Structure formats: structure tokens, C-alpha cells
Number of protein chains: 2
Amino acid sequence: MQTVIIGSGNVAYHLAKAFVLNTIPLAQIFGRNEEDLKEISEELNIPYSTDKLEDADLYIICVSDGSVENVSKLITKKNCLVAHTSGSLPKEILEGEYRKSSFYPLQTFSKSKELDYKKIPFFIETENEFDKRVLFEIATKISENVMESSHEKRKYIHLTAVFACNFVNHLFSRAKEISDSQQIPFDYFLPLIDETVQKIHEIEPKSAQTGPAVRNDVRVLQLHEQLLQGESLEIYKTMNHSIKKMYEL
Amino acid sequence: MQTVIIGSGNVAYHLAKAFVLNTIPLAQIFGRNEEDLKEISEELNIPYSTDKLEDADLYIICVSDGSVENVSKLITKKNCLVAHTSGSLPKEILEGEYRKSSFYPLQTFSKSKELDYKKIPFFIETENEFDKRVLFEIATKISENVMESSHEKRKYIHLTAVFACNFVNHLFSRAKEISDSQQIPFDYFLPLIDETVQKIHEIEPKSAQTGPAVRNDVRVLQLHEQLLQGESLEIYKTMNHSIKKMYEL
């Protein structure tokens, strides 16, 4: 089976690498950014092109959500299988006379960071059983966690990830602003952060909650509000309100 | 030097254990809850009492913030050193004719979880150089990260920890609510969460930000708001607003 990856960003790079590491052949990596494509091509030994899309049985589109539709129109071949890798788009966003599917890896990717692909969950949606088997076969070579998922379900998966990943990272940014303001190295907080995450591998986050809000420590809550302002104060109030609601305080 | 730990909760247990593992002698563990004290006493082979506080040179109070003041009055000995372990209290909260100090371990403790004490930062505040040396000597036996810290600075350390630990955990709780509502196992998100945290060991959280808000993806932001309600919707709006402000979007 001939497979082409379209895109040259973080998802394209890591997916291409996962294919190569698991000896799944790739016919081409296709995109606009020649510099990035060349780099991936040289590292992974895959042909690349910026203008001529290789004839293939499967195209996996790894571009930003806003570009998926336009990029999908570049595939003029009929009766092939096309997958996008977005958490929030339906497979019907793809525009062409081919079979449509979604191949969503739930992970945050940066080019410079090595990843254990075995642990990345893949969520798959296809039009028929045959395509499902094709994408499951590929995904299960890469990862231990492969599941079917409708667009409806994928929306919630993506939303959960926004809370558990994007918002968590933003809390780290705001936390670092506070520690920076007092010349306290943010590195000092890494063991605490690691332990916070380690805990939820073993117990439910709801049972692991600590801090002034869950023990309704009015003195500390007031003191903290006096130290804060702007967006961080808004976050402080919103999070504490939500914690109190969850624990009915 | 005779040292007594007062308290029988998570902090008392782990601090006592860190002492024992580093062969720093403990004369007694003192508290109200006989059952907990007995358990710690048996595991760590330290005498315990619920009524007679042992005569000592150093008392370390490991009780909840609200109880520190009252517990500190139980120490009637003069010219000894007393430390509390709270992130948010001044050393002056201690009431007695002894030398006052703060010995603050920055970590989230649960009895059932093993910890690498070497990685826990300790923040120390004392009245004089002699006491500082005493507490530094103990802390540096336990941990690689020991620093002096005023009450003022400690308040900000504690506040940073609330953002980076307590609020992060609450985001996990709200995320799990969303995934539970769709029968998606929350375990699927653990690799993503691990990677989110692993990233900030290597790059600044501000540079690691991903997600719909930082790329100002209005379509996804609106879609997500339609899926949410109540506290989670409030968190969604507040966090996105803060992300947009930080990146001037």
C-alpha cells in the first residue's frame, strides 16, 4: 500500500517518524514548506515534494485545522482513502471523490522532543469496515491504544485535552509569572508538579485535591487575592469557585 | 540534639520518614490522633505520645494552618527552637518564649505515596544565624534544594504552588468529568498529560503553549463553548481570555 503524508509541521514529522520506526512504508511527504520537508526527508529517508503529489492509496493530512479543507482538494485521485488528523473536524470536511476518514493521535507534538509513540492513543473514524481495518492495522503497529471514535466523541476528546493539557500549560505560565516576580526559580516547582501528575496515575484527581479552596481556608484565600491582579486574579477566583462547587463547600 | 515532630498527618509522616531515612534522630512524634501516631511510630520506630510532650531542642509543627497557633502554645519550654511547616503563615504565629522559625517543604504529600525527598525544596526562615545553620544542616541532609525564604517570599511560593499544583489538579478533575460524560477512559489522557509536564522541564511554559486559544481558532472556541456549561464553561472562558491576553491576541 502506498501512503503519503501531507504537511511538514510537528504532527507530520512525528507521524512520519512513527511510520518509519515501525517499518510502515511511506511513498512521499508532501507540503508547501520546502525547508521543513527537506529536513524530514533527510532524517527519515522519505521522498518529498512541494508540487507533485504522489499517486497513493492513503493520504494522511497533517496540517492546521483551518487548512484541512483546502489541502484536501489537492487530492484529485478517486477511490483512495484520505484521513485528516484533527481532533475537532468532521471527516466530511474533506472535499474530494475519495473515501473520507479521521486518524487522530491524542498527543502534543514538538519537533525537538522524542516521544514514546506506543503510548499515544489513536482515534479512528471511517466510512466502512474495510477502511477501518486499514487504519487500525497501521495505528496498532504504532500504538498500543487504538480506538474507533465518532466525530461527536472526538469533539469531547479534544475538549478534555484542552483542559488537561492546554489549560494546564497556561497555569504553568501564570505560575511562572508569579515566581519570576519574586526571583524564585520556577525549577523549584518541578518536583511538586511532577508529583501532582504522578498522583493522578494512581488516584482520581477529585480525591487528590489539596490547597486552600478545598479546605475552605478563607484566610489564605483572601491573602492570595491581595497578592494577585489582572488575569491571574480572575483565574484564581474562577478556579476556587469551581473547586468549592465541586466539593459543595 | 533532641527533635520532636508534632502532628500525625501527611506532612508529619513524610518528614519523620525523611529524618529516619537520613539517620537524623527523632525523640518523639506527638499529636492527638493516637491511631495515626501509633502507625507512624511502628513503621519508623519513633516513640509517640498524645499527652506528654518530650523535652527537646527543636520542635517541628506539622499541623494544618488553622491549628498551628494553638499547637504552638503547648510548647512551654523556653530557649528551644520551634519551626512550623506552613507556606502561608509568618513565624510570628508561633506563641511561646522560644526562638521561632519556618521550615517549609514545597511538596504535596499523601501517606500512601513514596517520595524522593532529595528533590523536595525546603524554605527556611529563622531569627538568627545559629538557628539558620541548625535547620540548614537538617534540611540539606534530606534534600538537595534548601534555601532561605522570608515570610513575604514564602507567600508567593505558596501562591505559585496553588496555580501549578492545586489548580492543575482541579483542571484534571474537570477534564475527567468531560471524558466520563462520553465514556472515554481518562487513562487515555495520561500520556498527553505526562508529555505536557515533561515539556516544561525543557522549555518555558509560555513557549510550549498550544491549543485553540493561542492560535485564536474562533471556530473551535465557539464549538467548545456550546459543549460546556456551569463551572467548566466559566473556566473555559477565563482560561482562554487569559491565554489571549498573554499572547496579545
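Please read all numbers here as calculations on a predicted model, not as lab measurements. Convention: sequence-line order gives letters A, B, ...; per-chain numbering from 1.
- Atoms CG and OG, from A:Leu221 and B:Ser88 in turn, are 10.0 Å apart once rounded to the nearest 0.5 Å.
- Using a 4.5 Å cut-off between heavy atoms, A:Asp116 does not touch chain B at all.
- If you measure heavy-atom distances from B:Ile157 to chain A, the contacts under 4.5 Å come from both the backbone and the side chain.
- Looking at B:Gln183, only its backbone comes within 4.5 Å of chain A, counting heavy atoms on both sides.
- With respect to chain A, the highest number of heavy-atom pairs below 4.5 Å among B:Leu190, B:Val197, B:Ile193, B:Leu89 belongs to B:Leu190.
- A:Lys199 is not listed as a side-chain neighbour of B:Asn169, based on a closest heavy-atom distance of 4.5 Å or more.
- For B:Arg219, the CZ atom counts as densely surrounded, since its 6.0 Å shell holds more than 12 non-hydrogen atoms of other residues, nucleotides or ligands.
- Of all the listed residues (B:Leu106, B:Leu115, B:Leu159, B:Thr196), the one sharing the greatest number of non-hydrogen pairs under 4.5 Å with chain A is B:Leu159.
- Within 6.0 Å of atom CD in A:Glu69, more than 12 heavy atoms from other residues, nucleotides or ligands are found, so the atom counts as buried in its surroundings.
- Residue with the most contacts toward chain A among B:Ser179, B:Gly230, B:Ser207: B:Ser179 (heavy-atom pairs, distance under 4.5 Å).
- Within the 4.5 Å cutoff, side-chain heavy atoms of B:Ser173 are placed close to those of A:Met246.
- Contacts between B:Ser64 and chain A at a heavy-atom distance below 4.5 Å are absent for every atom of the residue.
- The closest side-chain heavy-atom distance from A:Phe109 to B:Thr210 is not below 4.5 Å.
- Counting heavy atoms from C-beta on, the side chains of A:Ile200 and B:Phe186 come closer than 4.5 Å.
- Summarising the local packing, CD of A:Glu137 is surrounded by 12 or fewer heavy atoms from other residues, nucleotides or ligands at distances under 6.0 Å.
- Counting heavy atoms from C-beta on, the side chains of A:Pro205 and B:His170 never come closer than 4.5 Å.
- Only the side chain of B:Leu223 comes within less than 4.5 Å of a heavy atom of chain A; its backbone N, CA, C and O stay farther away.
- Under the 3.5 Å distance criterion, the side-chain polar atoms of A:Glu231 are left unmatched by any main-chain donor or acceptor of B:Lys245.
- Contacts with chain B were tallied for A:Glu152, A:Glu177, A:Met147; A:Met147 has the most, counting heavy-atom pairs under 4.5 Å.
- Within the 4.5 angstrom heavy-atom criterion, no atom of B:Phe122 approaches chain A.
- How far CD of A:Glu195 is from CD of B:Glu114: 10.5 Å, rounded to the nearest 0.5 Å.
- Between A:Ala164 and B:Phe172, the closest heavy-atom pair is O-CE2, 3.6 Å.
- Interface summary for chain A: among B:Gln182, B:Lys155, B:Lys153, the most heavy-atom pairs under 4.5 angstrom belong to B:Gln182.
- A:Met239 pairs with exactly one of B:Ile235, B:Thr238, B:Val168 by the side-chain contact (heavy atoms from CB on, under 4.5 Å) rule, that one being B:Ile235.
- Your options are A:Val220, A:Leu227, A:Asn240, and the one with the most heavy-atom pairs under 4.5 Å with chain B is A:Leu227.
- Between the A:Gln209 side chain and the B:Asn166 main chain, a donor and an acceptor come within less than 3.5 Å of each other.
- Of the listed residues (B:Ile120, B:Leu228, B:Val214, B:Asn145), the one with the most heavy-atom contacts under 4.5 Å to chain A is B:Leu228.
- Neither the backbone nor the side chain of B:Lys237 comes within contact range of chain A, judged by heavy atoms closer than 4.5 Å.
- Nearest heavy-atom pair across A:Ala175 and B:Phe163 is CB-CB, 3.8 Å.
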Test B:Glu234 against A:His241 for side chain to side chain contact (heavy atoms under 4.5 Å, CB included), laying out the working first. CA-CA 10 Å; B:Glu234 287 312 309; A:His241 181 70; 5.9 Å; no

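- Between A:His158 and B:His224, the closest side-chain pair of non-hydrogen atoms falls below 4.5 Å.
- Under the 4.5 Å side-chain criterion, counting only non-hydrogen atoms from C-beta, B:Lys176 is not in contact with A:Lys206.
- Note: A:Phe167 and B:Tyr236 meet the aromatic proximity criterion, with ring centroids under 6.0 Å apart.
- Heavy-atom distances place no part of B:Asp187 under 4.5 Å from chain A, backbone and side chain included.
- B:Leu192 approaches A:Thr108 most closely through the heavy-atom pair CD1-N, 3.3 Å.
- For B:Asp217, the part sitting under 4.5 Å from any heavy atom of chain A is the side chain, from C-beta outward, and nothing else.
- Within the 4.5 Å cutoff, no side-chain heavy atoms of A:Phe189 are placed close to those of B:Cys165.
- Although no hydrogens or angles enter the test, the distance criterion places no donor-acceptor pair under 3.5 Å between the side chain of A:Arg174 and the main chain of B:Thr160.
- Contacts between B:Val162 and chain A at a heavy-atom distance below 4.5 Å involve the side chain alone, from C-beta outward.
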As a quick check of understanding, evaluate salt bridge (Lys or Arg N to Asp or Glu O under 4.0 Å) for B:Lys119 and A:Asp194, giving each step before the final call. CA-CA 11 Å; B:Lys119 300 278 171 231; A:Asp194 290 345; over 6 Å; no

